[in-house]
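Quick note: residue numbers are just sequence positions, from 1.
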Amino acid sequence: MVVLHVKKGEESQFLYETTVAAALDDVIREVTAIYNGRLKVERICAEMEELADHGVTLPGNMQGLTDEQIEELKLKDEWGEKCVPSGGAVFNQDEIGRRNGQAPNDKMKEVLKKTVSEAKALISRKQVQANVQVTRQLVKDALDQLRGATMIVYPMGLPPHDPIRMELDDKEELEGTQASLQVIPEEQASLWFSGKEMHRGKNLRDYVGKNEKTKIVAKIQKRGQGPPGREPVFSEEDKKQMMLHAYRKQEEMKKLAEDNEDAYMNSDWADTGKLKQDLHGIRNVSWRPR
């Protein structure tokens with residue numbers, strides 16, 4: 001099986017396993033789905049941490065308003081009254097006024113935060129170092145875990161305007177946000193290997209050869225952005241080892257040079273008492289008793 005180490009720019013994303021016979025249309029579709037799926041999991045996890053701390057999201061027309069302004073405008077959060085966490089709520093005001101402050105109790109909060117941690121681990125970039133491949137099923141498992149946790153804590157469901165529910169229902173609105181810049185629509189996705197774009201309509205073997213036991217770095221990006229930066233010849237770890245070797249070699253050469261400078265002191269001609277010893281005939285005299 002061929003393993004693709006998928007990167008976005010210089011950042012590792014995940015490992016994807018396929019075969020050299022795979023059509024690039026299928027590879028690009030799968031890789032893009034996994035890439036965007038991981039982003040979705042990360043967005044939901046960020047929102048669920050806020051949900052655990054400050055409760056459900058307020059309607060758009062109430063967000064950012066003070067209690068006095070809400071009262072003056074006679075606004076009411078009807079969904080907040082329906083969507084109460086299991087075991088009752090604990091008030092914890094949201095300083096930015098985005099959520100209603102009716103947070104779950106400690107037990108339910110732990111359910112949400114533990115699930116967030118587990119979901120993050122499934123799609124983490126650390127899976128690359130662990131040599132674990134990420135699949136669409138793995139991304140789906142992470143999403144299902146997050147969905148299950150929200151159902152446990154909020155059996156009545158979340159408001160339709162809550163970002164978590166919108167994400168889980170595939171109705172997220174990302175236009176105009178920083179998150180929208182990260183998402184790559186499948187029809188706009190391109191994969192690059194060794195400085196060359198791998199074109200749709202071809203097979204993977206047209207670029208990587210026929211050897212199934214191959215591991216390559218494939219970079220994903222939007223079409224029209226030009227070729228991504230090429231991979232460095234040496235990794236950061238290789239560079240560190242090379243610098244360490246060069247330093248040790250330099251120190252060895254310095255010590256050898258110092259030893260050579262002092263070596264003449266052991267020569268006969270450098271002995272200041274040699275002439276006197278020769279005149280008195282006492283050179284190489286041993287004073288030990290026979």
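- Side-chain atoms of Val6 and Tyr35, non-hydrogen and from C-beta on, never get closer than 4.5 Å to each other.
- No path of Ile, Leu, Val, Met, Phe, Trp and Tyr side chains, each step under 4.5 Å between heavy atoms, connects Val111 with Val90, placing them in separate hydrophobic clusters.
- Judged by distance alone, with hydrogens and angles left aside, the side-chain atoms of Arg38 form a donor-acceptor pair with the main-chain N or O of Ile123 at under 3.5 Å.
- Between the side chain of Asn211 and the main chain of Thr214, no donor-acceptor pair closer than 3.5 Å is present.
- When side chains are defined from C-beta on, Thr19 does not count as touching Leu204, because their heavy atoms never get closer than 4.5 Å.
- Within a 6.0 Å sphere centred on CD of Gln178, heavy atoms belonging to other residues, nucleotides or ligands number 12 at most.
- Ile34 and Ile216 fall within a single hydrophobic cluster, where Ile, Leu, Val, Met, Phe, Trp and Tyr side chains are chained together by heavy-atom contacts under 4.5 Å.
- For Glu71, there are no salt bridge (charged side-chain N to carboxylate O under 4.0 Å, His left out) partners, not counting sequence neighbours.
- One finds a salt bridge joining Asp26 and Arg29 here, because a Lys/Arg side-chain nitrogen approaches an Asp/Glu carboxylate oxygen to under 4.0 Å.
- Side-chain atoms of Asn105 come within 3.5 Å of backbone N or O of Met108 as a donor-acceptor pair.
- The 12-atom threshold is not exceeded at CD of Glu175, counting heavy atoms of other residues, nucleotides or ligands nearer than 6.0 Å.
- The CG atom of Leu122 sits 11.0 Å away from the CD atom of Gln137 when rounded to the nearest 0.5 Å.
- One hydrophobic cluster, built from ILVMFWY side chains closer than 4.5 Å, holds both Val20 and Tyr207.
- Within the model, atoms CG of Leu191 and CD1 of Ile220 stand 5.5 Å from one another, a figure rounded to the nearest 0.5 Å.
- Val27 and Val139 fall within a single hydrophobic cluster, where Ile, Leu, Val, Met, Phe, Trp and Tyr are joined by side-chain heavy atoms under 4.5 Å apart, directly or via other members.
- No salt bridge links Arg205 with Glu212; every basic N to acidic carboxylate O contact stays at or beyond 4.0 Å.
- The number of heavy atoms from other shown groups lying within 6.0 Å of CD (Gln225) is above 12.
- When side chains are defined from C-beta on, Leu112 counts as touching Pro104, because their heavy atoms get closer than 4.5 Å.
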- Please lay out, stage by stage, how Glu10 and Lys219 fare under the test salt bridge (Lys or Arg N to Asp or Glu O under 4.0 Å). CA-CA 9 Å; Glu10 298 303 317; Lys219 296 196 173 184; 3.2 Å; yes
- Message: The test is side-chain contact (heavy atoms from CB on, under 4.5 Å); show your working for Gln93 and His54 and say whether it passes.
- Response: CA-CA 6 Å; Gln93 186 172 2; His54 302 294; over 6 Å; no
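- We find that Glu47 and Arg165 are not joined by a salt bridge, their nearest charged nitrogen and carboxylate oxygen being 4.0 Å or further apart.
- With Arg147 as the fixed residue, the side chain to side chain contact (heavy atoms under 4.5 Å, CB included) test singles out one of Ile152, Leu168, Ile164, Thr115: Leu168.
- Between atom OG1 of residue Thr177 and atom CD of residue Gln182 there is a gap of 8.5 Å, rounded to the nearest 0.5 Å.
- Around the CD atom of Glu187, the shell of radius 6.0 Å holds more than 12 heavy atoms that belong to other residues, nucleotides or ligands.
- Scored by the side-chain contact (heavy atoms from CB on, under 4.5 Å) test, Lys40 finds Arg43, Ile44, Leu143, Glu167, Asp170, Glu172 as partners (sequence neighbours excluded).
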- Do Met198 and Trp192 pass the side-chain contact (heavy atoms from CB on, under 4.5 Å) test, and can you show the C-alpha distance, the side-chain angles, and the key distance before you say yes or no? CA-CA 6 Å; Met198 296 191 284; Trp192 292 71; over 6 Å; no
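- No donor-acceptor contact under 3.5 angstrom links the side chains of His161 and Thr57, judged on distance only.
- The main-chain N or O of Ala103 is never found under 3.5 Å from a side-chain atom of Asn92 such that the two would form a donor-acceptor pair.
- Looking only at side-chain heavy atoms (C-beta outward), Lys109 and Pro85 stay at 4.5 Å or farther from each other.
- The neighbour count for Lys8 NZ, taken as heavy atoms of other residues, nucleotides or ligands under 6.0 Å away, is above 12.
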- Item | Worked check of salt bridge (Lys or Arg N to Asp or Glu O under 4.0 Å) between Lys120 and Glu49 | CA-CA 12 Å; Lys120 282 183 176 180; Glu49 289 176 341; 3.1 Å; yes
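- From Ile184, atom CD1 reaches atom CD of Gln221 across 7.5 Å, with rounding to the nearest 0.5 Å.
- Distance CZ/Arg125 to OG/Ser12: 8.5 Å, rounded to 0.5 Å.
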- Task: Would you please test Arg98 and Gln63 for side-chain contact (heavy atoms from CB on, under 4.5 Å) and show each step?
- Result: CA-CA 5 Å; Arg98 185 166 173 261; Gln63 292 184 20; 3.8 Å; yes
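- As a member of the Ile/Leu/Val/Met/Phe/Trp/Tyr network built from side-chain separations under 4.5 Å, Leu58 groups with Met62, Leu65, Ile70, Leu73, Leu75.
- Between Arg223 and Glu186, no side-chain nitrogen of the basic residue sits less than 4.0 Å from a carboxylate oxygen of the acidic one, so the salt-bridge criterion is not met.
- For the residue pair Gln145 / Asp141, no side-chain donor-acceptor distance below 3.5 Å is found, with atom types taken as modelled.
- Shown here is Phe91, whose CZ atom has more than 12 heavy atoms of other residues, nucleotides or ligands within 6.0 Å.
- Side-chain contact between Tyr154 and Leu51: present, with at least one pair of heavy atoms (C-beta onward) separated by less than 4.5 Å.
- At a threshold of 4.0 Å, the pair Asp53-Lys113 counts as salt-bridged, since one of the basic side-chain nitrogens sits closer than that to a carboxylate oxygen.
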- Could you walk me through whether Leu24 and Asn203 pass the side-chain contact (heavy atoms from CB on, under 4.5 Å) test, one step at a time? CA-CA 5 Å; Leu24 277 167; Asn203 293 333; over 6 Å; no
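- A donor-acceptor pair is defined here as one N or O able to donate and one able to accept, closer than 3.5 Å; no such pair exists between the side chain of His5 and the backbone of Lys215.
- Salt bridge annotation for Asp162-Arg99: present, with a cationic side-chain nitrogen under 4.0 angstrom from a carboxylate oxygen.
- Inter-residue side-chain proximity for Lys76 and Glu81 is flagged as met; some heavy-atom pair is nearer than 4.5 Å.
- Counting heavy atoms from C-beta on, the side chains of Phe193 and Val217 never come closer than 4.5 Å.
- Using a distance-only test at 3.5 Å, with no hydrogens or angles considered, a donor-acceptor pair links the side chain of Asn100 to the main chain of Gln102.
- Note that CG of Leu158 is 8.5 Å distant from CE of Met48, once rounded to the nearest 0.5 Å.
- Listed here is the closest heavy atom pair of Asp25 and Gly201: OD1-N, 2.8 Å.
- Put simply, Phe14 and Leu39 are part of the same group of oily side chains (I, L, V, M, F, W, Y) that touch within less than 4.5 Å, one to the next.
- With a 6.0 Å radius and a threshold of 12 heavy atoms from other residues, nucleotides or ligands, Met151 has its CE atom at or below the threshold.
- At least one side-chain heavy atom of Pro155 sits less than 4.5 Å from a side-chain heavy atom of Ser86.
- Between Glu110 and Lys107 there is no salt bridge, since no side-chain nitrogen of the basic residue lies less than 4.0 Å from a carboxylate oxygen of the acidic one.
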